[in-house]
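Within every chain, numbering begins at 1; the chains are lettered A, B, ... in the order of the sequence lines, protein sequences first and strands thereafter.
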Protein chains: 2
Amino acid sequence: MSPPSPRRNDQDARPSRGIPEATVARLPVYLRALTGLADRGIATASSEELARAAGVNSAKLRKDLSYLGSYGTRGVGYDVEYLRYQIAREIGLTQDWPVVIVGIGNLGHALANYSGFVSRGFGIVGLLDADPARVGERVGDHVIQAYNELERVVSEYGVAIGVISTPATAAQEVCDRMVAAGITSVLNFAPVVLSVPPGVDVRKVDLSTELQILAYHEQRKALAGPGPLSQVDGLPAERSPLIP
Amino acid sequence: MSPPSPRRNDQDARPSRGIPEATVARLPVYLRALTGLADRGIATASSEELARAAGVNSAKLRKDLSYLGSYGTRGVGYDVEYLRYQIAREIGLTQDWPVVIVGIGNLGHALANYSGFVSRGFGIVGLLDADPARVGERVGDHVIQAYNELERVVSEYGVAIGVISTPATAAQEVCDRMVAAGITSVLNFAPVVLSVPPGVDVRKVDLSTELQILAYHEQRKALAGPGPLSQVDGLPAERSPLIP
DNA sequence: TAGATTGTTAATCGATTAACAATC
DNA sequence: TAGATTGTTAATCGATTAACAATC
């Protein structure tokens with residue numbers, strides 16, 4: 001009966017706004033694919049070639065890139081270096097992001113030594129640990145500092161992104177303290193669901209969740225029987241238990 | 001004009017089949033939440049309580065659980081232990097999954113020492129590295145073996161899931177060899193897009209992608225200006241560069 | 001111009017959510 | 001029975017995909 005209610009129109013915003021989440025999550029993949037092409041001396045790539053390098057289909061890639069603007073040339077393709085820069089700018093990698101890591105156990109060491117960290121616009125400005133025995137230890141180019149230094153490091157370097165690689169039991173309290181100190185984005189490696197106030201982003205990386213998702217699909221493959229056509233002319237593929 | 005073409009009906013399959021991917025990805029989260037509740041001695045939980053513990057809304061949780069069956073009691077809620085078992089069974093965690101890890105650098109060490117590994121139905125049956133200098137080194141309960149042992153370990157233990165924590169340059173060749181040896185699920189920590197034949201599942205965990213997604217949102221917060229209401233009465237929030 | 005390839009449209013598919021009848 | 005809460009429906013929203021007009 002009544003006309004559709006007037007709705008806030010996304011057109012009002014700048015074109016750089018409102019990129020779908022699914023697209024945002026793929027931009028880093030495109031960026032990496034472009035870097036790979038550039039390293040191999042390739043100056044121009046079609047959506048088809050770029051999509052292959054990124055592991056997606058070309059329709060999706062073109063749709064994704066269309067949210068950023070028109071950076072391709074019809075009949076030609078995309079200039080690798082130009083597109084790479086545009087995506088980096090869109091993500092915000094034309095500036096450096098200071099990052100603090102709390103919890104320097106095995107995983108924290110691995111993160112601190114991860115070269116992709118520095119090379120991609122992120123810089124570690126603090127490695128913090130609550131264990132006094134670890135404070136002062138050298139890890140890569142850095143020295144582990146006391147957890148108590150968190151507020152100082154965050155304000156001194158203007159840290160916006162914090163990484164949590166503590167045990168699960170400590171993660172929420174570390175997160176709370178990060179947020180109180182001014183951090184508004186958290187990358188969490190601890191296997192807990194973190195509570196944060198509105199305006200704070202949390203992303204979670206969870207080994208055991210990933211393994212469980214694989215196990216689910218693996219189990220279904222076994223149930224479906226061996227062979228790509230899921231023929232059921234034999235018993236399900238046998239899997240040995242842990243003891244051989 | 002013509003009636004819709006006859007389509008293969010999912011109803012034909014058992015109810016345990018065809019759980020949406022988004023739901024599958026949340027089952028491990030529910031499982032962990034249930035374990036947490038059980039640890040605190042809670043025997044029964046409503047969808048509302050369970051959803052809070054898992055960090056989702058209760059409608060989504062009920063919808064997700066409905067794909068597994070009717071394991072709740074109207075007016076009462078869910079029996080924590082019973083539901084926990086049903087989800088574990090659905091995922092396939094009532095059996096143990098032998099896992100092999102290739103690439104025992106910093107990250108490989110962290111993964112090998114990760115306790116959630118063993119405790120959640122996964123068992124490491126091999127730590128492999130291509131560097132002869134590392135072979136023989138003790139990591140947790142295991143000893144690093146030569147990369148050459150891959151085929152033997154996979155067939156001896158019936159390994160279906162392989163973890164790649166090598167440098168990016170080695171990842172594709174390791175993956176190919178895993179697949180040739182019979183592995184059908186790969187968890188990849190190397191920052192490359194892996195090519196695999198149909199029927200092989202790959203999941204990727206990528207630190208720098210996660211950081212970049214956070215950076216994108218962080219940048220938008222800065223552009224929107226300080227304050228939760230995105231007021232633009234001031235300059236964008238200042239972020240210091242890496243050098244203070 | 002002819003060929004190639006982008007950027008966009010529109011159809012389809014899958015995921016989320018609110019609401020509520022069923023039922024403990 | 002009255003109150004509580006599940007399981008399901010249906011509406012909405014967001015993501016994917018194929019197709020193709022626009023255009024280099």
Side-chain angles (χ1 to χ4, degrees), chain A residues 2 4-5 7-11 15-27 29-30 34 37 42-80 82-83 86-87 90 213, chain B residues 2 4-5 7-11 15-27 29-30 34 37 42-80 82-83 86-87 90 213:
Chain A
S2 56
S5 61
R7 199 95 77 74
R8 183 85 177 58
N9 194 335
D10 268 339
Q11 310 288 58
S16 73
R17 301 270 178 114
I19 297 179
E21 264 308 301
T23 297
V24 170
R26 282 187 294 266
L27 293 181
V29 180
Y30 300 154
L34 286 164
L37 293 175
I42 295 166
T44 304
S46 68
S47 63
E48 192 62 55
E49 296 166 311
L50 191 43
R52 201 175 319 121
V56 301
N57 74 48
S58 65
K60 189 188 280 182
L61 178 126
R62 287 198 302 279
K63 185 87 169 117
D64 283 342
L65 294 184
S66 76
Y67 291 114
L68 314 192
S70 289
Y71 297 134
T73 307
R74 288 163 137 102
V76 177
Y78 300 88
D79 181 281
V80 168
Y82 180 63
L83 183 58
Q86 292 300 339
I87 293 178
E90 189 67 42
I213 294 168
Chain B
S2 55
S5 60
R7 201 93 79 73
R8 182 90 177 53
N9 195 334
D10 269 340
Q11 309 289 57
S16 74
R17 302 268 180 113
I19 297 180
E21 264 308 301
T23 297
V24 170
R26 281 187 294 265
L27 292 181
V29 180
Y30 300 154
L34 286 163
L37 293 175
I42 295 167
T44 304
S46 68
S47 63
E48 192 62 55
E49 295 166 312
L50 192 42
R52 200 173 322 119
V56 302
N57 74 49
S58 65
K60 188 187 282 183
L61 178 125
R62 287 198 302 279
K63 184 86 170 123
D64 283 342
L65 294 185
S66 76
Y67 292 113
L68 312 194
S70 290
Y71 296 133
T73 307
R74 287 163 137 102
V76 177
Y78 300 88
D79 181 282
V80 169
Y82 180 63
L83 183 58
Q86 292 301 337
I87 294 178
E90 189 67 42
I213 294 169

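Distance OH (Y71(A)) to P (dT5(C)): 22 Å, rounded to an integer number of Å. At whole-Å resolution of the value, CG in L83(B) and C1' in dG7(D) are 14 Å apart. To the nearest angstrom, C1' of dT6(C) lies 10 Å from CG of L65(A). The CZ-P distance, from R62(A) to dT17(D), rounds to 12 Å in whole Å. Taking atom OH of Y67(A) as the reference point, atom P of dT9(C) lies 11 Å away to the nearest angstrom. What separates OH of Y78(A) from P of dA4(C) is a distance of 18 Å, to the nearest Å. Taking atom CD of residue E49(B) and atom C1' of nucleotide dA4(D), one finds them 12 Å apart after rounding to whole Å. Atom NZ of K60(A) and atom P of dG14(C) are 13 Å apart (whole Å).
Nucleotide dT12(C) forms a pair with dA15(D), judged by Watson-Crick or G-U wobble geometry with both contacts under 3.5 Å. A 3.5 Å limit on both hydrogen-bonding distances identifies dT5(C) as the Watson-Crick or G-U partner of dA22(D).
In this model, no side-chain donor or acceptor of R74(B) finds a partner on the base of dT23(C) within 3.5 Å.
Within the 3.5 Å criterion, the main-chain N or O of V76(B) finds no donor-acceptor partner in the side chain of T73(B).
Judged by closest nucleotide on DNA chain C, G77(A) is the one of G77(A) and K63(A) placed further toward the 5' end. Toward the 5' end of DNA chain D, the nearer of the two residues V76(A) and E21(A), judged by each one's closest nucleotide, is E21(A).
A22(B) comes within 4.0 angstrom of the backbone, heavy atoms only, and of no base. Among the protein residues, E48(A) comes within range of no part of the nucleic acid, since none of its heavy atoms lies under 4.0 Å from any strand.
OP1 or OP2 of dT6(D) sits under 4.0 Å from a side-chain N or O of S47(B).
The two residues L83(B) and L50(B) have their closest heavy-atom pair at CD2-CD2, 3.6 Å.
When side chains are defined from C-beta on, L65(B) counts as touching L61(B), because their heavy atoms get closer than 4.5 Å.
For N57(A), counting side-chain heavy atoms from C-beta on, the closest listed nucleotide (dC24(D), dT17(D), dG7(C)) is dT17(D).
Side-chain atoms of T23(B) and D64(B) include a donor-acceptor pair closer than 3.5 Å.
Ring to ring, Y71(A) and Y82(A) are close: their centroids are under 6.0 angstrom apart.
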